[in-house]
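Beneath this line is the structure, given in structure tokens, with notes to follow.
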Amino acid sequence: MSGSRERDSRVARIDAAIRVIPDFPKPGILFRDVTTLLLDHQAFKDSIDIFVERYKDLKIDVVAGIEARGFIFGPPVALAIGAKFVPIRKPRKLPGEVISEEYTLEYGTDCIEMHVGAIQSGERVLIVDDLIATGGTLQAAIKLIERVGAEVVECALLVGLTDLKGHLKLGGKPVFVLVEYEGA
Amino acid sequence: MSAVARDGDPRVARISAAIRVVPDFPKPGIRFRDVTTLLLDHQSFKDTIDILVEKYKDKNIDVVAGIEARGFIFGPPIALAIGAKFVPMRKPRKLPGEVIGEEYTLEYGTDRIELHVGAVQPGERVLLIDDLIATGGTLRAAISLLERVGAQVAECACVIGLRDLKGQERLGSKPLFILVECEH
């Protein structure tokens, strides 16, 4: 129907606006750089509009964005759907009382934090980030949000890397990806 | 010269009240102005963006540049509303691809801010956004970097200004707009 064809043409333009940087941050990795999307006002607006259309009637109380590129896409969605915006950050960035969740990397561990009291028990949360790869960071964010008694309704990403099958690590939590790519 | 939002605007009083003070962060004696509580008040967050959009929508702004990381929260909604590109200005080694950087001095040591080559074109009019101006060191480095690529920084806008740190002086004649002024 015409609705999905219109969405397809917006996605094609969004896809075309995202550039690939080979060998970043290390050799063999094809990095999907969303900053070029932000230089195309219409495509950037379309990406937000697609998310807003999807979530505006789902009674989302909170949009949680993962530092730092989740801070670019999360707030416009939160503003449009009437939700709070909550930043999920690297350690020692948030002032005041925080809760932390550690997660494993290929080598070693990392940690993300959220303010105590930012999200209330029972609230419905949408997590937003630019990209899902292994899903490790997203999985940690889901745990953090569930630990305070809130419900993760969905994770919304601009880009998903299909080869890494990151969504399988999210314990059945729905993942919505705007543009999918092969390869890590 | 710096302009401060009129106290008579009822929206500003609510925005100011939504920003919390966290004492002794990041170190003893510092009263940290935490905008994350503003983001939990949807109306106040929306008002903050609306005030800035009203101010800049007819100023022929080509680019909104936001300083990592909290500038990423306020910059994109403004860019989307006024039809401008959004360009992130980042800490070292975060941006993939070719970058140019500007080093600047801190109380102890130095830091560096980076911009993608080609993100901002010569002659473009830029609105520079951050959540807070303290001494003005980071903003001054960002202005230098943008001017090095031939852009014109039309104005800097911050949600919070620390009155007695006199950040405006580091910016020279560059126009600065502050929504909420606080004592350091």
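Each chain gets a letter, A, B and so on, in the order the sequences are listed, and its residues count up from 1. These figures come from a predicted structure and were not determined experimentally.
- Of the residues A:Leu39, A:Leu38, A:Thr35, A:Leu37, the one that meets the side chain to side chain contact (heavy atoms under 4.5 Å, CB included) test with B:Phe86 is A:Leu38.
- Hydrophobic clustering of Ile, Leu, Val, Met, Phe, Trp and Tyr side chains at less than 4.5 Å, counting indirect connections, unites B:Val117 with B:Val126.
- Criterion: ILVMFWY side-chain heavy atoms under 4.5 Å apart, direct or through other members. Under it, A:Val98 and A:Val148 are not part of a common hydrophobic cluster.
- Of the listed residues (A:Gly82, A:Gly96, A:Ala80, A:Pro76), the greatest number of heavy-atom pairs within a distance under 4.5 Å of chain B belongs to A:Gly82.
- Here CD1 of A:Ile72 is found 10.5 Å from CD1 of B:Ile73. Values are rounded to the nearest 0.5 Å.
- Annotation: maximal heavy-atom pairing with chain B below 4.5 Å, among A:His115, A:Glu67, A:Lys45, occurs at A:His115.
- Linking ILVMFWY side-chain heavy atoms closer than 4.5 Å, directly or via other members, places B:Ile100 and B:Ile67 in a single hydrophobic cluster.
- For A:Arg92, the CZ atom is loosely surrounded, since the number of other residues' heavy atoms within 6.0 Å does not exceed 12.
- Contact of B:Arg90 with chain A is made through the side chain alone, with heavy-atom distances under 4.5 Å.
- Contacts of B:Phe72 with chain A are made by both backbone and side-chain atoms, with heavy-atom separations under 4.5 Å.
- Separation of atoms CZ (A:Phe85) and CG (B:Asp41) is listed at 15.0 Å; rounding is to 0.5 Å.
- A continuous path of Ile, Leu, Val, Met, Phe, Trp and Tyr side chains, each step under 4.5 Å between heavy atoms, connects A:Ile60 with A:Leu178, placing both in one hydrophobic cluster.
- Interface remark: of the candidates B:Pro88, B:Ala84, B:Ala81, B:Ala84 forms the most heavy-atom pairs closer than 4.5 Å to chain A.
- Of the atoms belonging to B:Pro96, heavy atoms from both backbone and side chain fall under 4.5 Å from chain A.
- Distance check, rounded to the nearest 0.5 Å: OG1 of A:Thr36 to NE2 of B:His116 gives 8.5 Å.
- Only the side chain of A:Ile48 has a heavy atom closer than 4.5 Å to any heavy atom of chain B.
- In this structure, CZ on B:Arg70 lies 5.5 Å from CZ on A:Arg89, to the nearest 0.5 angstrom.
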